[in-house]
*Asks:* 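Structure below; questions to follow.
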Amino acid sequence: MTDPVFVPLAEFGARPQESVQLYRPGARTAYPADVTARLDADAAVLVARYPEARSALLPLLHLVQAEDGYITPAGIEFCARTLGLTAADVVSVATFYSMYRRGPTGEYLVGVCTTTLCAVLGGDAILDALCAHLGVQPGGTTEDGTVTVERIECNAACDYAPVVMVNWEYFDDQTVASARALVDALRTGTPPNPTRGAPLCGFRETSRLLAGFDDDRPGAVSASGVGGEPTLAGLRAAREAES
Ligand code: FES
């Protein structure tokens, strides 16, 4: 029998590219009455979709992230009070999922995939180049508050590697040069359309959509489209292998 392996708990903390824990100095700790009333109304819509209120925690975390740009103590307290949970319950979920941010986020969250396929096809080089170009570390935000760059894991778009995501929309087949041009366009207020999917909107608007509210922008839903040729080629190969 092999010896058990013990992992020291002290090694766990914030995600590697983040410099802060959830309770960040200066973060909002309470919402004013008008914001609470607005969030209460939105939360009621979301909670009503589930047989048990606590099942609405993930949408509510997106809702408070839409309010603050990240998960603040005020957002944690709001979710806990609304759903009858403890703050510890809320924090344990918020820290499990990497889509919930622990610090202020730029208007555009630029995620560079550095999981294996994207990495070997240029993802690592793209991340390094963007950080150098913008003067930030991974997880950091530009001084003008427009762009946050972070390392992300596979987003199931490996057939378009290397992939960069902006507010969770896909920019496929990126190079160092195209990724630099992308962030330059974001910073000058001329966001290009994603390779697939709806046009970009700001990080907070995206968080509200992820909470489960409709995207009312004209053409946004129909822009989702169908699978592209690399995806369909993979599907054909899988079917041939089955037969
Ligand atoms: S490895 Fe990058 S999308 Fe899958």
Side-chain angles (χ1 to χ4, degrees), residues 14-18 58 61-62 65 70 94-103 105-134 136-142 146-187 191-203 205-207 209-210 215 220-221 223-242:
R15 294 166 61 201
Q17 69 264 41
E18 291 179 317
L58 296 182
L61 283 167
H62 283 299
Q65 183 157 264
Y70 63 109
T95 53
F96 181 81
Y97 295 102
S98 58
M99 289 178 81
Y100 301 119
R101 300 269 312 157
R102 303 182 193 181
T105 309
E107 178 77 353
Y108 298 104
L109 177 62
V110 176
V112 182
C113 179
T114 57
T115 304
T116 307
L117 187 56
C118 284
V120 298
L121 290 173
D124 283 332
I126 290 171
L127 180 66
D128 290 345
L130 287 189
C131 287
H133 186 57
L134 298 171
V136 299
Q137 296 293 317
T141 301
T142 54
T146 54
V147 172
T148 297
V149 180
E150 70 170 3
R151 179 193 303 277
I152 59 173
E153 296 183 1
C154 180
N155 268 261
C158 318
D159 34 5
Y160 298 95
V163 168
V164 171
M165 301 195 80
V166 180
N167 292 345
W168 305 110
E169 296 291 354
Y170 290 109
F171 288 80
D172 300 333
D173 302 316
Q174 292 293 293
T175 64
V176 166
S178 66
R180 276 200 202 108
L182 170 59
V183 296
D184 286 347
L186 297 175
R187 296 187 77 191
N193 282 330
T195 313
R196 306 170 269 144
L200 293 181
C201 56
F203 179 73
E205 290 84 6
T206 300
S207 295
L209 298 177
L210 291 172
D215 191 341
V221 175
S224 299
V226 296
E229 179 50 32
T231 306
L232 298 177
L235 185 62
R236 284 194 296 272
R239 283 180 176 159
E240 285 168 14
E242 272 181 357

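One-based numbering, in listed order, for ligands and for the atoms of each. In this chain, residues are counted from 1 in sequence order.
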*Asks:* If you round to the nearest 0.5 Å, how far is CG of L61 from CZ of R101?
*Replies:*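 Nearest 0.5 Å value for the CZ-CG distance: 14.5 Å.
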
*Asks:* Which protein N, O or S atoms does atom 2 (Fe) of ligand 1 have within a distance shorter than 2.8 Å?
*Replies:*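 Near atom 2 (Fe) of ligand 1, the protein supplies C113 SG, C118 SG.
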
*Asks:* In Å, rounded to the nearest 0.5 Å, how long is the span from NE2 of H133 to CG of D128?
*Replies:*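 Those atoms lie 14.0 Å apart.
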
*Asks:* On the ring face of Y160, is R196 found with NZ or CZ under 6.0 Å from the centre and within 45° of the axis?
*Replies:*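 That pair qualifies as a cation-pi contact.
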
*Asks:* Is E107 salt-bridged to R187, going by a charged N under 4.0 Å from an acidic O?
*Replies:*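 Looking at R187 together with E107, the answer is no, because their closest N to O distance does not fall below 4.0 Å.
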
*Asks:* Return the set of residues passing side chain to side chain donor-acceptor pair (under 3.5 Å) with S178 (not counting sequence neighbours), or none when no residue passes.
*Replies:*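 So S178 forms a side chain to side chain donor-acceptor pair (under 3.5 Å) with Q174, T175.
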
*Asks:* Pick out which of Y100, Y70, Y97 makes a ring pair (Phe, Tyr, Trp, His ring centres under 6.0 Å) with H62.
*Replies:*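 Among Y100, Y70, Y97, the one meeting ring pair (Phe, Tyr, Trp, His ring centres under 6.0 Å) with H62 is Y100.
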
